[in-house]
There are 2 protein chains.
Amino acid sequence: MNNLISIKSATLSEDIAQQLTHAIVQGHIPQGSKISEPELAKQYGVSRGPLREAIVKLEGLGLVTRTANVGARVIQLNTQDMLDTFTMREALEGMAARLAATTMPADEISSLYALLDKHQAHLDANQDEHYVQQGGNDDFHLRIIHASGNVKLIRLLTEELYAVIRMYRRHTADHRSDPRQALREHKAILDAIANHEGDLAELLMRRHISRASQLLAQAMHQATSATSR
Amino acid sequence: MNNLISIKSATLSEDIAQQLTHAIVQGHIPQGSKISEPELAKQYGVSRGPLREAIVKLEGLGLVTRTANVGARVIQLNTQDMLDTFTMREALEGMAARLAATTMPADEISSLYALLDKHQAHLDANQDEHYVQQGGNDDFHLRIIHASGNVKLIRLLTEELYAVIRMYRRHTADHRSDPRQALREHKAILDAIANHEGDLAELLMRRHISRASQLLAQAMHQATSATSR
DNA sequence: TCAAGTCAGATTGTCGACAATATTGGGTTT
DNA sequence: AAACCCAATATTGTCGACAATCTGACTTGA
């Protein structure tokens with residue numbers, strides 16, 4: 001198995017951590033599976049030292065759980081954890097939207113309006129197919145977060161929490177019932193930010209995320225009841 | 001130098017991580033100082049392996065920053081980072097208070113009222129000296145957080161963020177201008193929770209933390225301008 | 001038949017040594 | 001005197017080997 005993405009980092013352990021994160025988020029390493037240090041070390045062609053460091057980092061990201069003398073396991077997504085995570089996200093991204101309403105520069109606002117137009121055009125041209133914007137510069141949520149200007153908040157959301165959030169969003173994308181509704185909500189949030197209405201921006205962002213989590217919970221519930229049948 | 005607290009963990013690296021965290025939060029290892037792996041390894045009587053693992057964990061906690069091929073440094077507290085951190089805390093603990101308003105059981109509520117009475121009595125008996133409640137079971141904020149029932153939120157606040165928050169609170173405690181005001185605010189928050197008023201509980205918790213951060217910012221500003229004089 | 005105990009195999013935790021990179025101090029040049 | 005270069009030194013990154021612990025199958029006895 002070869003690594004599709006191979007950005008040379010300064011240190012092996014960083015490399016491995018990135019590759020492992022990608023592999024887990026994309027589902028190449030299945031949920032709940034055990035992480036075998038000797039096996040992965042051989043696979044990536046490194047010794048166990050850097051690999052262990054990478055695993056410790058993944059534990060910090062909440063992608064694996066470690067038990068002493070037993071080893072690491074990839075987390076298993078489940079509805080309750082998802083709801084808990086999205087509640088946190090609601091609080092944090094809500095705050096980010098509030099802050100963005102006072103700090104976002106005018107040109108970034110217009111740039112975001114352009115982005116939403118692009119999304120709109122994509123929906124029109126592709127029979128409402130969901131626009132894949134995972135993590136890239138076209139990710140509306142990431143743009144808002146960065147506009148908050150709060151370094152700590154940005155770091156927490158984009159570096160520590162977003163790996164797990166992305167895993168859940170991968171599911172959302174498949175089961176999203178109405179991408180146009182999401183786009184409308186994005187537009188409303190951006191309007192509030194453009195008008196410097198922090199309270200409103202926060203409220204709308206919260207509702208937007210809350211709604212997404214409810215849709216996702218439904219989808220996950222259906223999925224589990226289907227497999228258990 | 002001996003370790004005051006020595007709770008035997010299953011693994012050395014956990015031990016070291018805990019001891020280092022304590023040492024940094026308590027200021028035994030000064031801010032901004034470099035972490036020398038050989039030195040600390042000798043000091044704690046372990047090899048560099050587990051020590052490095054501990055450092056990686058501390059990096060995840062935001063207590064140190066690491067640079068490839070250079071090493072780790074203890075973070076340096078400064079006003080901007082503090083404000084950023086407390087803004088996050090505002091969002092998260094505000095949410096915790098909101099959740100607690102619907103999930104906190106009646107006996108825990110009475111127990112918390114008793115705790116506040118105890119704090120009141122302490123203030124009456126000790127000429128308004130600030131009651132030290134760092135991290136223990138008498139910590140009002142921690143009790144609220146746990147009452148939220150959101151596992152992810154609890155983990156984030158108590159395990160990942162609280163180390164840094166405690167470092168800042170250590171300063172607050174010294175410069176707290178009016179502990180009775182803080183107590184009044186705690187009481188108001190608890191009242192809102194007891195009445196199951198989630199909106200109000202969140203609002204009050206946010207104001208409470210915001211006020212604390214402003215006081216702390218003032219204190220830190222005075223401290224820096226004093227030393228630079 | 002089943003439960004408890006035992007033992008081999010495999011995996012994780014820890015260590016000491018080597019390689020790669022950064023830091024330093026002295027010396028040289030302009 | 002200041003700036004630059006280079007070598008010596010120290011520190012971090014990586015590796016392979018050993019020790020401690022867990023896992024699972026087999027044996028044994030009730």
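Computed from a predicted model, the values in this text were never measured in an experiment. Numbers restart at 1 for each chain; the letters A, B, ... are given by sequence-line order, proteins then strands.
- Protein atom CG of L51(B) is 12 Å distant from nucleotide atom C1' of dT12(D), rounded to whole Å.
- The salt bridge (charged side-chain N to carboxylate O under 4.0 Å, His left out) check on R52(A) picks up E37(A), E53(B), with sequence neighbours excluded.
- Rounded to an integer number of Å, the gap from N69(A) CG to dC22(D) P is 5 Å.
- Using a 30° and 60° split on the angle between ring planes, H28(B) and H22(B) fall in the perpendicular class, above 60°.
- Atoms CD (E59(B)) and P (dT12(D)) sit 14 Å apart, rounded to a whole Å.
- At the heavy-atom level, I35(B) lies under 4.0 Å from the strands shown only through sugar-phosphate atoms.
- Close to dT12(D), at under 4.0 Å from its OP1 or OP2, lies a side-chain N or O of K34(B).
- Each of A68(A) and A72(B) was assigned the nucleotide of DNA chain D with the nearest heavy atom; the assignment lying further toward the 5' end belongs to A72(B).
- With 3.5 Å as the limit, one finds no donor-acceptor pair spanning the side chains of K57(B) and T21(B).
- Here T11(A) does not reach the OP1 or OP2 of dT12(D): none of its side-chain N or O atoms lies under 4.0 Å away.
- In this entry the distance linking CZ of R52(A) with P of dT12(C) reads 8 Å, nearest Å.
- Salt-bridge check for D84(A) with R89(A): failed, with every basic side-chain N at 4.0 Å or more from each acidic carboxylate O.
- With respect to the salt-bridge test (charged N to carboxylate O, under 4.0 angstrom), the residues E202(A) and R206(B) qualify.
- Between Y44(A) atom OH and dT14(D) atom P there is a gap of 16 Å when expressed in whole angstrom units.
- Take the nearest nucleotide of DNA chain C for E53(B) and for R48(B): the residue whose nucleotide is more 5' is E53(B).
- Using cut-offs of 30° and 60° on the angle between ring planes, the pair H141(A) and H208(A) is parallel.
- Mapping G49(A) and V70(A) onto DNA chain D by nearest heavy atom places G49(A) closer to the 5' end of the strand.
- Taking atom CD of residue E37(B) and atom P of nucleotide dC15(C), one finds them 14 Å apart after rounding to whole Å.
- In terms of the salt bridge (charged side-chain N to carboxylate O under 4.0 Å, His left out) criterion, residue partners of R143(A) (sequence neighbours excluded) are, by chain and number, E108(A).
- Atom CZ of R66(A) and atom P of dG13(C) are 6 Å apart (whole Å).
- The distance from atom CG of L12(A) to atom P of dA20(C) is 12 Å, rounded to the nearest whole Å.
- For the helix from dT1(C)-dA30(D) to dT30(C)-dA1(D), the terminal axes (five pairs an end, C1' atoms, rotation from four pairs onto the next four) enclose an angle of 10°, given to 10 degrees.
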